[in-house]
Structure formats: structure tokens, C-alpha cells
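Proteins come first, then strands; the chains are lettered A, B, ... in the order of their sequence lines, and each starts at number 1. Below, each value reflects all heavy atoms present in this structure, side chains not excepted, and no hydrogens, waters or symmetry copies. Fair warning: this is a prediction, and the values are worked out from it, not measured in the lab.
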Number of protein chains: 2
Amino acid sequence: MSEQILIVEDEVKLANLMSDFLSSHHFVTHQIHHGNEVLPWLEINRPSVILLDIMLPGQSGIELCKAIRQFSNVPIIMVSAKVEEIDRLLGLELGADDYICKPFSYAELVARVKAILRRLNSAEPKATVMQLDESTYTVKFKTSCIELTNFEFQLFKPLFNNPNRIYSRDSLMDTMYADQRIVSHRTIDSHIKKLRKKLDELTQTDSVIQSVYGVGYRFVHPQG
Amino acid sequence: MSEQILIVEDEVKLANLMSDFLSSHHFVTHQIHHGNEVLPWLEINRPSVILLDIMLPGQSGIELCKAIRQFSNVPIIMVSAKVEEIDRLLGLELGADDYICKPFSYAELVARVKAILRRLNSAEPKATVMQLDESTYTVKFKTSCIELTNFEFQLFKPLFNNPNRIYSRDSLMDTMYADQRIVSHRTIDSHIKKLRKKLDELTQTDSVIQSVYGVGYRFVHPQG
DNA sequence: CTACAATCAGTATTTGTTCGCTCATAGAGT
DNA sequence: ACTCTATGAGCGAACAAATACTGATTGTAG
């Protein structure tokens with residue numbers, strides 16, 4: 001089971017280097033080069049760690065850090081060009097987990113990432129017993145496992161990655177039809193129905209996906 | 001420690017009466033009879049409450065209220081000669097804390113002033129322990145949490161975000177019916193009832209949402 | 001042919017709105 | 001201070017409207 005690292009860095013060359021090095025340590029990476037793309041991406045994905053540069057086009061790393069902390073405790077490592085800037089950041093109490101100063105050695109980068117993950121894994125004895133496996137399009141729960149269709153999987157991903165958060169049908173549609181295609185809201189219902197059937201069978205409970213009247217759907221973790 | 005009340009009222013006789021009555025309740029008062037004298041006075045003094053008449057020579061009460069809000073959150077009670085005018089004032093969203101209509105009983109005057117001060121003193125020391133979560137449509141208080149329907153949430157949001165501020169039923173309607181649809185005032189009552197039930201259960205107190213007779217509703221933060 | 005996506009129409013459910021009544025409040029008159 | 005009256009507010013229950021679910025059906029790609 002490999003961890004996904006989000007790299008937010010506008011210098012593409014640097015981002016690639018970071019990516020390469022982390023990959024060689026068996027991390028899966030995703031790059032974002034513009035500040036404004038971060039929050040939308042996080043609505044659908046849930047990385048294990050975020051490496052967040054401060055100087056960015058669009059929303060700055062500082063704004064983003066604050067914004068992310070509104071809804072998630074995902075570990076954030078702030079990346080800054082200047083030592084003095086880090087001092088200033090510490091004063092802001094953004095809620096970042098670590099700070100790293102450019103230029104950094106790649107050994108240091110990996111060390112910090114691993115340190116964070118080690119802390120995290122030892123602190124939380126695996127609260128989520130349900131897991132999404134992107135490579136096989138399966139959902140695992142306890143000892144069982146089900147397969148989802150591509151469509152079902154894309155639909156479920158944002159819901160699963162942001163438990164309790166309510167998604168409107170429109171926003172769910174947006175995540176699966178990149179081409180802005182418009183389908184009936186009943187279509188979403190239909191897929192939700194299939195998802196529910198599979199998931200409820202898996203978890204032996206109902207209401208893993210709940211409807212919120214007039215708003216949309218949300219996922220809540222099952223007992224156990 | 002006695003509280004100072006600023007009385008802005010051009011009718012000197014009325015101002016004196018107000019002054020006398022408030023003094024008898026151990027408030028220190030200061031009178032100003034011309035609109036243009038208010039801002040200069042406030043640069044040097046800091047009253048606990050301002051009673052602000054609307055019809056004034058020089059700067060009107062409306063202008064003054066706006067101007068004062070630029071630099072201070074001092075409680076302002078607007079004093080108006082007509083009920084209809086209050087409705088208009090609410091629409092302007094001046095940021096006043098309360099409204100009182102001439103002619104008023106002096107008991108009422110004192111009651112309002114005391115209410116404001118009580119609210120202020122109890123609200124000041126603690127940060128917001130109550131939270132609105134837009135992504136999950138929930139209200140959190142201490143360790144508990146309740147869910148609101150879409151409608152209830154939209155209704156509660158303005159009240160919550162501007163504690164102590166009074167919203168008329170009409171202005172609440174405006175915020176939820178963008179299409180200028182008109183519904184009965186009893187409809188708002190009905191939703192307020194449901195909101196109150198949920199909120200009171202959450203906070204274990206009553207009167208988190210208060211009625212202001214003849215005007216509307218306001219939200220006050222519960223005790224911590 | 002099969003598996004899956006999309007749609008539709010009928011039904012079920014949830015929520016929003018109104019009604020009619022009672023109670024509360026504020027001001028006026030005695 | 002006391003009632004009286006007009007108006008506002010609270011509330012339960014009936015009603016209306018909006019929204020969601022379901023199963024059947026059609027469309028489509030491999």
C-alpha cells in the first residue's frame with residue numbers, strides 16, 4: 001500500500017526532481033503548479049502528505065494552508081525559499097506540520113516526509129477500516145472486498161475521501177465529466193443506487209451513503 | 001465601575017428625561033444635541049452604549065451609525081419616531097445592535113440598555129464555542145453536534161454570522177428566496193420553531209434565537 | 001451478446017408552507 | 001395599578017411542493 005504525496009510547486013523542473021526522488025522511495029506523487037488548482041483537487045483526492053511551496057501563482061501557500069486546515073488534518077510541509085520567511089511563518093501559526101527551506105537536499109526531503117508518516121501511523125492505529133484501491137477499483141472492508149465499475153469508482157472517490165462532507169449532484173457530475181457534459185440528476189441517483197447496493201452488501205449496514213434532502217449525498221464511515 | 005451612556009438626541013427636553021431616568025439606574029450619561037458633534041466626541045470618549053436618534057441636525061443618525069461602525073463595535077441603539085422607519089433601517093444593515101421606537105417607556109429604555117450590556121459582558125471573554133459547518137450542514141457546540149436541513153441552515157447562517165443583530169422576517173426571507181418569492185411571515189416562525197428546537201437541545205439552554213417583538217429575530221451566543 | 005451508462009415515469013419520502021387557534025406583549029384608557 | 005384591545009408570536013396539524021428512490025427500458029461500446 002503506497003502513500004500519495006501532493007507536490008505543490010510552480011517551478012516545474014524542481015517539482016519533477018522532487019517527484020523523481022520521492023518515487024524512487026516508493027511514494028506515489030501528484031504535481032500541481034498553480035495555487036488555484038489545489039483546493040479543487042483536494043475535494044476529490046486525499047494525499048498522505050502535502051508539500052506546499054509558499055510562492056505560488058494564484059493562491060499563496062499561506063492562504064492554502066489556512067484553507068486546508070478548515071477541513072482536513074492532512075500533514076502539510078511548507079517549503080520556503082528563505083530562512084527568514086520561515087520565522088515569519090511560525091509566527092502565523094498556520095497549522096503546518098513541518099517547514100523545509102530551499103535549497104534542500106533530497107535526502108532531507110524524504111527524511112521529513114517519512115518522519116511525518118511515521119508519526120502519523122504510530123499515532124493513529126488505523127481508524128479507517130475501509131479502503132479504496134485505485135489500482136484495482138476495489139473497496140476493502142474488514143475481510144471482504146468488492147469491485148466497482150470505473151464510473152462507480154470515480155463517483156465514490158470524492159465522497160470517500162471527504163467523509164461527512166456533502167456533495168451536490170452537480171459537483172459530483174463535475175468531477176466525472178471533465179468535458180462539462182450535462183446529464184440528468186436522476187443519472188446520479190441511479191449510480192448511487194448501484195453503489196449503495198454494493199457497499200451495503202459489503203458493510204452489512206445501510207446508510208453508508210446518505211442522502212441530504214435538497215443538497216446531495218455524503219459518505220459516512222461504517223461502524224467497526 | 002459605572003457605565004457611560006451617550007445620548008444623541010436633539011430634543012433637549014427628551015434628552016434630559018432620558019438622562020434623568022438612566023441616571024437613576026446608576027448610569028452616567030452624556031448628551032449631544034447636534035449630529036456633527038458626535039464623531040469628535042467619540043474620538044476622546046468611549047461610552048458603553050450609544051442611544052442614537054435618527055432625525056438630527058447635521059449628520060443624521062444613519063450616517064453616524066455607519067461612520068461609527070468604521071472604527072468601533074460600541075453597541076448602538078437606534079431611536080426612531082416611526083415603526084415604518086425601523087423597517088427601512090433594517091434594510092440598510094447599518095450594524096446597529098437594537099432599535100427602539102418613540103414614544104417609548106423609560107422602563108423599556110433601561111431594559112434595552114441593560115440587556116445590551118449584559119450580552120456584551122457575557123459574550124466578551126469567550127471565543128465562539130459554537131460553529132457552523134457549511135460543508136456538512138451541521139452546528140457544533142462543545143462536544144455535540146446537530147444537523148440542519150438546507151432551509152434551516154440558510155436561515156440560520158445570517159443570524160449566526162451576525163450575533164445580536166436583529167433581522168426582520170422580510171430580510172430573512174430575502175436572503176433565502178432570491179427570486180423575490182413572497183411567503184407568509186408565519187412560515188418564518190415555523191422554521192424558527194424548528195431551528196429553536198434543535199438548537200436548544202444542542203445548547204441545553206433556551207433563547208439562543210430571541211424574538212424581538214414587532215421587529216424580528218436575533219441570535220445570541222450561548223453561555224460557554 | 002454482455003456489461004454498463006443513461007433516461008424515464010410512477011411511487012415514496014421528506015421538507016416547506018399555510019391555517020387556525022392560543023398565548024404574549026405593548027400601549028391606551030380608566 | 002388594572003383592564004381592554006390591537007397586534008405580534010408560538011405552535012400543532014393539515015396540506016402542498018419539492019426531491020429522492022426504484023425498476024423497467026433504451027442506448028452504446030467492446
_N-O pairing of E152(A) and K198(A) below 4.0 Å_ = yes
*Start with the C-alpha distance between D170(A) and H185(A), add both sets of side-chain angles, then the distance that settles side-chain contact (heavy atoms from CB on, under 4.5 Å), and finish with yes or no.*
CA-CA 8 Å; D170(A) 284 327; H185(A) 276 193; 3.0 Å; yes
_Donor-acceptor pair, side chain of N162(A) and main chain of I44(A), under 3.5 angstrom_ = no
*asked:* So K194(B), base contact, sugar-phosphate only, or nothing? Heavy-atom distance under 4.0 Å.
replied: base
*Got a donor-acceptor contact below 3.5 angstrom from the N164(B) side chain to the V220(B) backbone?*
no
*Can you tell me if D97(B) uses its side chain to pair, donor with acceptor, with the backbone of I76(B) under 3.5 Å?*
yes
*NA contact type, Y213(B), heavy-atom cut-off 4.0 Å: base, sugar-phosphate, or nothing?*
base
*Terminal helix-axis angle for the helix from dC1(C)-dG30(D) to dT30(C)-dA1(D), with five pairs defining each axis and rounding to 10 degrees*: 30°
*Provide the start and end nucleotides, 5' to 3', of the part of DNA chain D that has atoms under 4.0 Å from heavy atoms of chain A.*
dA18(D) to dG23(D)
*Judged by atom type as modelled, is there a donor-acceptor pair below 3.5 Å linking the side chain of E9(B) to the main-chain atoms of E11(B)?*
yes
_Short side-chain donor-acceptor distance under 3.5 Å, S211(B) and R196(B)_ = yes
*Does the side chain of Y137(A) pick up a donor-acceptor pair with the side chain of N150(A) at under 3.5 Å?*
yes
*Check DNA chain D against residues 161-175 of chain A and give the residues with a non-hydrogen atom under 4.0 Å, in numerical order.*
R169(A)
*Near DNA chain D, under 4.0 Å by heavy atom, which residues of residues 183-192 of chain A?*
R186(A), D189(A)
*asked:* Quick check against the 3.5 Å criterion: does R112(B) have a side-chain atom that pairs as donor or acceptor with the backbone of Y99(B)?
replied: yes
*Indicate yes or no for a side-chain donor-acceptor contact from R69(B) to the backbone of L64(B) under 3.5 Å, with no hydrogens or angles considered.*
no
*Is there a side-chain contact between L22(A) and L51(A), using heavy atoms and a 4.5 Å cut-off?*
yes
*Please check if the side chain of R218(A) supplies one atom and the backbone of V212(A) the other of a donor-acceptor pair under 3.5 Å.*
no
_Partners meeting ring pair (Phe, Tyr, Trp, His ring centres under 6.0 Å) with Y217(A) (sequence neighbours left out)_ = none
*Along DNA chain C, first and last positions that approach a heavy atom of chain A under 4.0 Å*: dC4(C) to dT15(C)
*Flag the pair M55(B) / D10(B) as yes when at least one side-chain heavy-atom distance between them is below 4.5 Å, and no otherwise.*
no
*Could you check if a side-chain atom of F156(A) sits within less than 4.5 angstrom of a side-chain atom of L199(A), using non-hydrogen atoms only?*
yes
